[in-house]
Amino acid sequence: MTAAKHQPLPLTPMQTEVLGGLSRGDKHLPSKYFYDAAGARLFERICELPEYYPTRTELAILRTHLPTISKQLGPMRWLVEPGSGSGLKTRLLLEALDQPAGYVPIDISDAQLKAYAQDLRQGFPHLNVRPLSADFTADLQLPEGVKKPVIWFPGSTLGNFRPADAQAFLRRLSRWGGGAGELLLGVDLVKPVEVLEAAYNDTAGVTARFNLNLLRHLNHAAGCDFDLSQFRHEARWNPQIGAIQMFLISLGEQTVHVAGHAFALASQEAICTEYSHKYTPTQVEQLAHASGWSLRNMYSDPKNWFGVFHLECI
Ligand code: AVJ
């Protein structure tokens with residue numbers, strides 16, 4: 001078969017998303033593509049940074065309150081984790097649960113999921129691990145027999161959703177396993193802007209590398225030609241929407257290509273790469289209520305910087 005040279009190749013889903021985001025007046029790139037292997041390693045380093053408080057704060061809350069949470073959940077529960085691989089936090093929860101019926105990690109990357117499940121079986125030889133390879137934001141079917149699941153969504157990953165999407169996602173979760181489950185939701189809370197901005201502008205520059213790595217990943221995986229030396233990292237609090245936004249700022253006038261399509265960038269033009277919404281406890285409760293959940297308990301740290309919300313299906 002001969003293909004005419006000028007005929008464009010069909011676009012991959014990733015290229016379609018990138019093209020869509022760069023075609024907007026306010027340019028965006030999808031934050032889910034931060035996490036290639038290098039990005040995942042950089043994120044692990046972010047979690048160790050002195051400025052990045054969420055991971056260690058959530059861990060401290062769990063260490064303090066897991067005995068209580070476990071008692072309230074009761075024995076023989078299924079634990080379901082959309083987006084598997086929260087490592088230590090999940091291990092602590094599994095250790096605290098009273099005779100868990102099983103654990104269902106859900107991830108889009110089948111290879112990563114299998115490796116994670118194998119690893120986990122080593123540490124928990126008696127645990128029934130049932131990995132599910134799926135897009136957890138789409139409709140999905142939990143394994144047969146998983147009823148009244150305890151859904152575990154830590155790390156303030158919910159903050160990456162725009163509020164309307166967060167609501168739709170929580171609504172979907174309320175129907176998993178036929179409904180009437182419970183949800184343990186970790187959410188980063190509103191706090192002084194200096195603390196928030198420092199967490200995303202660390203002095204060691206790891207977050208900057210994490211942000212720029214998105215371009216490197218897209219160059220490899222989506223046929224782009226971003227010149228990483230022509231962008232700088234910026235993160236700032238957006239008070240209108242209550243979110244930290246990360247940007248890559250074009251250092252000069254330039255043209256970038258995505259699968260043969262050209263995009264002009266003005267000097268200082270910003271590409272938004274991530275939203276990290278922060279909530280007050282009241283806002284979380286309202287969001288939960290609007291999507292089929294009611295609050296059983298909220299656990300926090302002494303400074304109220306992070307919340308672990310125990311929700312139950314209405
Ligand atoms: C993993 C999405 C919760 O928003 O704080 C860390 C990702 N971005 N530093 C966050 C992130 C920059 C993180 N989440």
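Throughout, numbering of the chain's residues begins at 1 and tracks the sequence. Just so you know, ligand 1 is whichever comes first in the structure, and atom 1 is the first atom listed for that ligand. Not measured: the values here are computed from a predicted model.
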Looking at the rings of F210 and Y35, which for Trp means the six-membered one, are their centres under 6.0 Å apart?
yes
for atom 13 (C) of ligand 1, nearest protein heavy atom and its distance come out as Y52 OH, 3.3 Å
Between D36 and R41, is there a side-chain N and carboxylate O pair less than 4.0 Å apart?
no
Does F34 approach ligand 1 within less than 4.0 angstrom via side chain, backbone, both or neither, non-hydrogen atoms only?
neither
Taking the six-membered ring where the residue is Trp, are the ring centres of H28 and F247 under 6.0 Å apart?
no
I'd like to know if E17 pairs up with K32 as an ion pair, taking the criterion as any Lys NZ or Arg NE/NH1/NH2 lying under 4.0 Å from an Asp or Glu carboxylate oxygen.
yes
Does ligand 1 have a heavy atom under 4.0 Å from the side chain of Y275, from its backbone, from both, or from neither?
neither
Non-hydrogen atoms of Y35 versus ligand 1: any pair closer than 4.0 Å?
yes
What atoms of ligand 1 come within less than 4.0 Å of a heavy atom belonging to S156?
3 (C)
closest protein heavy atom to atom 8 (N) of ligand 1 is E274 OE1, 2.6 Å
Check side chain to side chain contact (heavy atoms under 4.5 Å, CB included) between T203 and all other residues, then give those that pass, not counting sequence neighbours.
E51
Under 3.5 Å: N/O of K278 near N/O of ligand 1
no
For the student: nearest non-hydrogen atoms of Q15 and P10, plus distance
OE1-O, 4.2 Å
Which atoms of ligand 1 have any heavy atom of S276 under 4.0 Å away?
4 (O), 5 (O), 10 (C)
For residues 178-190, tabulate all N or O donor-acceptor pairs below 3.5 Å that involve a side-chain atom, not counting sequence neighbours.
| unit_1 | atom_1 | unit_2 | atom_2 | d |
| --- | --- | --- | --- | --- |
| E182 | OE1 | R296 | NH1 | 2.8 |
| E182 | OE1 | H310 | NE2 | 2.7 |
| E182 | OE2 | R77 | NH1 | 2.7 |
| E182 | OE2 | R77 | NH2 | 3.0 |
| D188 | OD1 | Y53 | OH | 3.2 |
| D188 | OD1 | K191 | NZ | 2.9 |
| D188 | OD2 | Y53 | OH | 2.7 |
| D188 | OD2 | K278 | NZ | 2.8 |

Check ion pair R56-E58 (N to O, under 4.0 angstrom)
no
If the cut-off is 4.0 Å to any non-hydrogen atom of F43, which atoms of ligand 1 fall inside it?
1 (C), 6 (C), 7 (C), 13 (C)
Less than 4.0 Å is my threshold; does some heavy atom of G159 fall inside it relative to ligand 1?
no
Within the 4.0 Å heavy-atom shell around G155, which atoms of ligand 1 are there?
3 (C)
Should you measure from each heavy atom of N160, which atoms of ligand 1 turn up under 4.0 Å away?
2 (C), 4 (O)
